[in-house]
Amino acid sequence: MAACMRRDEALTRAFTLLGKRWVGVVLASLRMGPAGFRELSRAIEGVSDSVLSDRLSALTKEGLIVRKVDEGPPVAVSYELTEAGQALMPALEQISQWAHEHLPPR
């Protein structure tokens, strides 16, 4: 029973972050390499700038992405997956495949 509870605690921690709307999509959008805020905003249809900014901040704080600033000129900010973020990609790809196979399209 204790092992089952520990796993549930880990899932709770994971889904507290990953269960927020747009988090998985933001992470998946960065799987091909670094991207700037505008590029992400255009790629993720339906996300507001304020929510995207919030999600990027949260993912940076949790160590799944890193924010890089190129002093330019012009100054350019980009985001990219960390090693921890990269490690999450196979799980996100499996969730995406599951959704494709088992959830009706909207």
Side-chain angles (χ1 to χ4, degrees):
M1 183 72 161
C4 183
M5 290 179 68
R6 280 193 298 273
R7 287 189 189 105
D8 288 348
E9 290 170 9
L11 280 175
T12 298
R13 286 194 322 272
F15 279 100
T16 296
L17 174 65
L18 299 175
K20 291 180 183 171
R21 189 167 188 196
W22 303 113
V23 166
V25 178
V26 170
L27 289 169
S29 295
L30 292 170
R31 74 180 175 269
M32 300 308 270
F37 187 90
R38 281 287 140 229
E39 187 177 358
L40 289 167
S41 181
R42 284 190 299 273
I44 305 171
E45 186 177 328
V47 69
S48 69
D49 285 352
S50 63
V51 170
L52 179 57
S53 178
D54 179 66
R55 297 308 182 257
L56 290 169
S57 293
L59 291 167
T60 300
K61 180 181 175 188
E62 294 296 331
L64 295 177
I65 65 173
V66 64
R67 180 180 186 266
K68 294 191 173 183
V69 179
D70 178 8
E71 296 299 331
V75 173
V77 176
S78 64
Y79 299 88
E80 67 181 286
L81 294 172
T82 62
E83 188 175 319
Q86 287 285 352
L88 188 55
M89 289 304 101
L92 287 181
E93 289 169 11
Q94 287 183 332
I95 291 169
S96 177
Q97 182 62 36
W98 174 85
H100 178 73
E101 293 174 6
H102 300 285
L103 296 177
R106 290 185 174 192

- Task: Assess whether side chain to side chain contact (heavy atoms under 4.5 Å, CB included) is satisfied between Phe37 and Val77, documenting all intermediate values.
- Result: CA-CA 7 Å; Phe37 187 90; Val77 176; over 6 Å; no

- Item | Residue pair Leu27, Leu18: steps toward the side chain to side chain contact (heavy atoms under 4.5 Å, CB included) verdict | CA-CA 10 Å; Leu27 289 169; Leu18 299 175; 3.9 Å; yes

Does some side-chain heavy atom of [Y] sit less than 4.5 Å from a side-chain heavy atom of [X]?
X	Y	result
Leu64	Leu17	yes
Met89	Leu81	yes
Leu40	Leu56	yes

- How far does CG of Leu92 sit from CZ of Arg31, to the nearest 0.5 angstrom?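 Going from CG on Leu92 over to CZ on Arg31, the span is 8.5 Å.
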
Return the minimal non-hydrogen interatomic distance between [X] and [Y], and the atom names on each side.
X	Y	answer
Ile44	Ser29	CG1-OG, 3.6 Å
Arg55	Arg21	NE-O, 2.9 Å
Gly63	Ala84	O-CB, 3.8 Å

- Report the residues that fulfil side chain to side chain donor-acceptor pair (under 3.5 Å) with Glu80, sequence neighbours left out, ordered by chain and then residue number.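 Expected list: Lys68.
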
- Message: More than 12 heavy atoms of other residues, nucleotides or ligands under 6.0 Å from CD of Glu45: yes or no?
- Response: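 For Glu45, atom CD is not crowded (no more than 12 foreign heavy atoms under 6.0 Å).
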
- Item | Audit row: Asp49, Ser41, side chain to side chain donor-acceptor pair (under 3.5 Å) steps and yes/no | CA-CA 7 Å; Asp49 285 352; Ser41 181; 3.2 Å; yes

- Message: For Thr12, is there any backbone N or O sitting under 3.5 Å from a side-chain donor or acceptor partner on Thr16?
- Response: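 Yes: the side chain of Thr16 pairs with the backbone of Thr12.
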
Honestly curious: do [X] and [Y] fall in one hydrophobic cluster under the side-chain, below-4.5 Å linking rule?
X	Y	value
Ile65	Val69	yes
Val23	Val51	yes
Leu30	Val66	no

- Task: Sequence neighbours left out, what pairs pass ring pair (Phe, Tyr, Trp, His ring centres under 6.0 Å) with at least one residue falling in residues 68-106?
- Result: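 Every ring pair (Phe, Tyr, Trp, His ring centres under 6.0 Å) pair that includes a residue of residues 68-106, provided the two are not neighbours, is Trp98-His102.
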
